[in-house]
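The structure appears below as structure tokens.
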Amino acid sequence: MEIFFKKTKHYTKVYKMLLRLNFARLLAYRADLVNSTIAHTIWASFTIVQMLLLTSKTSHIFGWSRNELLILAGMYNIIYSFFYMFFSRGFNQFSTTINFGRLDGILTKPIDSQFLMTCLNITYTHLIRLIWGVGFLAYVLFTMRVIVTPLVLLGFIVLVVFSVMIIYSFWMLIMTLTIWFPKLSNLADLLYQINQISKFPQEIYKGASLYLLILLFPLTVVIVTPAKEILQKVLVGDVIGFIACALMLFIVSRRFWRFALRFYTSASG
């Protein structure tokens, strides 16, 4: 237990330093800050507009009302803004890091390689998308006259954390394949497109192939489950299964990364 607390303290100190370094980099490249802010604002609004267009001719889709679908749009911006802010840039660099031998230097450092690969870069500009999501979600809940109690809010925050864990683990499992195929530079781009699955209710995918549904199942619940919690429609069994799924995926992805490192032959081959 003492070792665990020492490691936690050490990694907390390291991560605080990374937060400061990334914030300094943000201020150093102000043109990029402006461009990214505009881009994230457009993407956040596009998600909402897309759901508005989808529900413009009907009040219900697969048992979900128009306002509930708009809540999914807000939730999508909230959850993915956290993931993109803290992890996406690290995953984007997987291929180049491995292909150009930079992983050698990471493996020689006295810190966990998975931590450095995925947590080294923080993109603060995604806070814009987060603010959009929170504001829009609050507006829709207000129009629906939904009363959010402190207990519901706490449960919502917990489920958001586990949602980000599921997305992180899913990406980790897929991006680890670059250990064997380092030239798959477009793998992250593919995952960005697959993320779009999350913004729609699970019922939409009932006609999909069983194997495809099993593969993508984690992404079909990352938005829906916290949304049901905020609407106070989630079941206890759904929450337990959701948390179990998140923990299992994280453990599997971590073990898969360690397994894959056995096959890494370094830059020298």
Side-chain angles (χ1 to χ4, degrees), residues 43-44 46-55 58-84 87 129-130 132-141 143-144 146-149 151-171 173 191-250:
W43 277 111
F46 177 75
T47 302
I48 296 168
V49 170
Q50 184 183 33
M51 202 63 76
L52 286 171
L53 291 173
L54 183 65
T55 58
T58 180
S59 60
H60 287 78
I61 296 178
F62 290 97
W64 287 73
S65 70
R66 187 171 190 263
N67 282 332
E68 288 172 345
L69 289 169
L70 291 176
I71 283 177
L72 291 183
M75 287 297 310
Y76 181 86
N77 280 326
I78 292 172
I79 291 173
Y80 275 95
S81 64
F82 277 115
F83 173 73
Y84 291 147
F87 305 115
R129 192 167 185 174
L130 174 62
W132 262 87
V134 171
F136 184 74
L137 178 63
Y139 169 75
V140 177
L141 290 173
T143 59
M144 293 177 67
V146 175
I147 299 174
V148 181
T149 64
L151 185 61
V152 170
L153 182 60
L154 177 61
F156 170 74
I157 293 171
V158 169
L159 290 179
V160 167
V161 171
F162 282 106
S163 290
V164 175
M165 181 185 292
I166 287 176
I167 300 168
Y168 172 91
S169 303
F170 184 84
W171 274 61
L173 281 168
L191 287 172
Y192 278 116
Q193 298 305 314
I194 292 176
N195 283 347
Q196 302 297 317
I197 291 172
S198 304
K199 68 175 68 171
F200 301 109
Q202 295 168 281
E203 290 80 3
I204 289 179
Y205 306 106
K206 281 185 176 179
S209 164
L210 177 61
Y211 298 107
L212 181 63
L213 190 60
I214 292 173
L215 175 64
L216 301 179
F217 172 78
L219 294 183
T220 65
V221 297
V222 294
I223 305 299
V224 170
T225 306
K228 286 183 176 179
E229 169 64 22
I230 206 74
L231 289 169
Q232 301 166 43
K233 293 184 177 181
V234 71
L235 301 176
V236 175
D238 292 336
V239 172
I240 294 174
F242 182 75
I243 294 175
C245 176
L247 294 174
M248 181 187 69
L249 270 178
F250 181 76

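These numbers were taken from a predicted model, which means no experiment stands behind them. All heavy atoms count here, side chains included; hydrogens, waters and symmetry mates do not. In this chain, numbering begins with 1 at the start of the sequence shown.
Sequence neighbours left out, the pairs with a member in residues 63-83 that pass salt bridge (charged side-chain N to carboxylate O under 4.0 Å, His left out) are Glu68-Lys233. Note on residues 237-249: no pairs pass salt bridge (charged side-chain N to carboxylate O under 4.0 Å, His left out), not counting sequence neighbours.
Side-chain atoms of Thr225 do not come within 3.5 Å of backbone N or O of Val222 as any donor-acceptor pair. Side-chain atoms of Thr47 never come within 3.5 Å of backbone atoms of Ala73 as a donor-acceptor pair (strictly under, hydrogens ignored).
Atom OG of Ser198 and atom CG of Leu219 lie 4.5 Å apart (nearest 0.5 Å). A distance of 5.0 Å separates CG of Asn77 from CZ of Arg129, quoted to the nearest 0.5 Å. With values rounded to the nearest 0.5 angstrom, Ser81 atom OG is found 4.0 Å from Leu130 atom CG. With rounding to the nearest 0.5 Å, the separation of OG in Ser163 from CE in Met75 is 6.5 Å. The line from CD1 of Ile167 to CG of Leu191 is 11.5 Å long, rounded to the nearest 0.5 Å. Here the CG-CG distance, from Leu141 to Leu231, works out to 6.5 Å after rounding to the nearest 0.5 Å.
Counting heavy atoms of neighbouring residues, nucleotides and ligands inside a 6.0 Å radius, atom CD1 of Ile147 does not exceed 12 of them.
Relative ring orientation between Trp171 and Tyr192 is described as perpendicular, the plane-to-plane angle rising above 60° on a 0-90° scale split at 30° and 60°. Ring geometry for Tyr80 against Phe83 counts as perpendicular: the plane angle is over 60°, on a 0 to 90° scale with 30° as the lower cut.
In this structure, Phe136 has its ring center no closer than 6.0 Å to that of Tyr76.
Shortest non-hydrogen contact noted between Glu229 and Val234 is OE1-CG1, 3.0 Å. Summarising the geometry of Ile230 relative to Val152, their closest heavy-atom pair is CA-CG1, 4.1 Å, with the distance given to 0.1 Å. Shown here for Val148 and Gln232, the closest heavy-atom pair between the two residues is CA-NE2, 4.4 Å. What you find for Asn67 and Val140 is that their closest heavy atoms are O-CG1, 3.5 Å.
Under the 4.5 Å side-chain criterion, counting only non-hydrogen atoms from C-beta, Leu72 is not in contact with Lys199. The side-chain heavy atoms of Phe162 and Leu247, taken from C-beta on, include a pair separated by under 4.5 Å.
Every residue was checked against the side chain to side chain donor-acceptor pair (under 3.5 Å) condition with Trp132, not counting sequence neighbours, and none meets it.
Among Leu159, Val160, Leu154, Val158, the single residue meeting the side chain to side chain contact (heavy atoms under 4.5 Å, CB included) criterion with Phe156 is Val160.
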